[in-house]
2 protein chains.
Amino acid sequence: MGTCCDMRGFLSFIVLKLISKKNLSGEEIRQEIKKRKGSKPSPGTIYPVLKALSQSGFIQEVKNSGKMKKYRLTKKGQKELKLATKKFCEIFYDMKDEF
Amino acid sequence: MGTCCDMRGFLSFIVLKLISKKNLSGEEIRQEIKKRKGSKPSPGTIYPVLKALSQSGFIQEVKNSGKMKKYRLTKKGQKELKLATKKFCEIFYDMKDEF
DNA sequence: TTGAAGATATCGGATAACCAATACATTTAA
DNA sequence: TTAAATGTATTGGTTATCCGATATCTTCAA
């Protein structure tokens, strides 16, 4: 197993990516990540990330009737995601054949 | 810029991937990463990673005439890389279109 | 209006990634 | 044989990710 593939450092990246496709709440994000990764990030992990992304102006709360607090990507967040994606692809260049 | 795309946690993964393609020394790995990422991981970063991977039995020193100490992937390392790659792809599922 | 349930938020602490600086080893050139 | 150059290794300290536990807020049903 090893520690080769945990998500340190890429959590915010994934969160941005997920929110870019659909407005999501913290809980929904936790579930989506569980689907992919197997384990659900704890509340103490996900909410600070959302807060930080929010404070950086990358995401923004969106009003809705449901009981969950959803976020959307801001213009600034789009730019950041684009940049991060570019870097991601440069770093993981040779993974493109693996999907 | 943000901290969205640093390499925390994925350094060992990349190192495994690089070595899987070609036997490499620490210095060569540092250079390859610089090419991709922009910044060169410091000695204090890369050598402990190599040591850890070596102690886990994922990589192995390979004798050679040059002045650099090269590593190759072991059978165990191949397995680990395969597993990690699988997980990577599950997690970053939607990045496949970005390359 | 109150209580239960579910989502969100915060806190304290553990771990590991990472760097800068320094020390050690090996090769090659002089 | 020595010295420079280059690669390797270690140490100490910083930072950010992440979890578990606990607390707060919100919604809805009773």
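Letters A, B, ... mirror the listed sequences (proteins, then strands); counts begin at 1. Any value given below was found using the heavy atoms of this structure, including those in side chains, with hydrogens, waters and symmetry copies removed.
- Not one side-chain nitrogen or oxygen of B:Lys51 sits closer than 4.0 Å to the OP1 or OP2 atom of D:dT8.
- Computed from coordinates, the B:Phe10 CZ to C:dA17 P distance equals 11 Å when rounded to whole Å.
- Closest to the B:Lys69 side chain, of the nucleotides D:dA9, C:dA7, C:dA9, is D:dA9.
- Computed from coordinates, the A:Ile14 CD1 to D:dT17 P distance equals 13 Å when rounded to whole Å.
- The side chain of B:Tyr47 lies closest to D:dG7, out of C:dT8, C:dC18, D:dG7.
- Here the P atom of nucleotide D:dT8 and the CE atom of B:Met68 are 7 Å apart, to the nearest Å.
- Shown here are the side-chain contact (heavy atoms from CB on, under 4.5 Å) partners of B:Gln60, two or more places apart in sequence or in another chain: B:Arg72, B:Thr74.
- Rounding to the nearest 0.5 Å gives a distance of 15.0 Å between CG of A:Leu16 and NZ of A:Lys82.
- Rounding to the nearest 0.5 angstrom, the gap separating the CE atom in B:Met95 from the SG atom in A:Cys89 is 4.5 Å.
- In this structure, A:Leu50 places its CG atom 14 Å from C1' of D:dT17, rounding to the nearest Å.
- Residue pairs meeting the salt bridge (charged side-chain N to carboxylate O under 4.0 Å, His left out) criterion with at least one member in residues 52-62 of chain B, sequence neighbours excluded, are B:Glu61-B:Lys69.
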Table please: side-chain donor-acceptor pairs of residues 47-58 of chain A below 3.5 Å, with sequence neighbours left out.
| unit_1 | atom_1 | unit_2 | atom_2 | d |
| --- | --- | --- | --- | --- |
| A:Ser56 | OG | A:Ala52 | O | 3.0 |

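- Whole-Å rounding puts the B:Glu28 CD to D:dT8 C1' distance at 13 Å.
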Grab the N/O contacts between the protein and nucleotides 19-26 of chain C below 3.5 Å, and write none if there aren't any.
| unit_1 | atom_1 | unit_2 | atom_2 | d |
| --- | --- | --- | --- | --- |
| C:dC19 | OP2 | B:Ser42 | N | 3.1 |
| C:dC19 | OP2 | B:Thr45 | OG1 | 2.4 |
| C:dC19 | N4 | B:Gly44 | O | 3.2 |

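- A straight line from CD1 of B:Ile91 to P of D:dC18 spans 10 Å, rounded to a whole angstrom.
- The CZ-C1' distance, from A:Arg30 to C:dA9, rounds to 12 Å in whole Å.
- Taking the side-chain contact (heavy atoms from CB on, under 4.5 Å) definition, one finds that B:Lys22 meets it with B:Leu24, sequence neighbours left out.
- Between the CD atom of B:Glu27 and the C1' atom of D:dA5 there is a distance of 12 Å, given to the nearest Å.
- Contacts of A:Lys86 classified as side-chain contact (heavy atoms from CB on, under 4.5 Å), with partners at least two apart in sequence or in another chain: A:Glu90.
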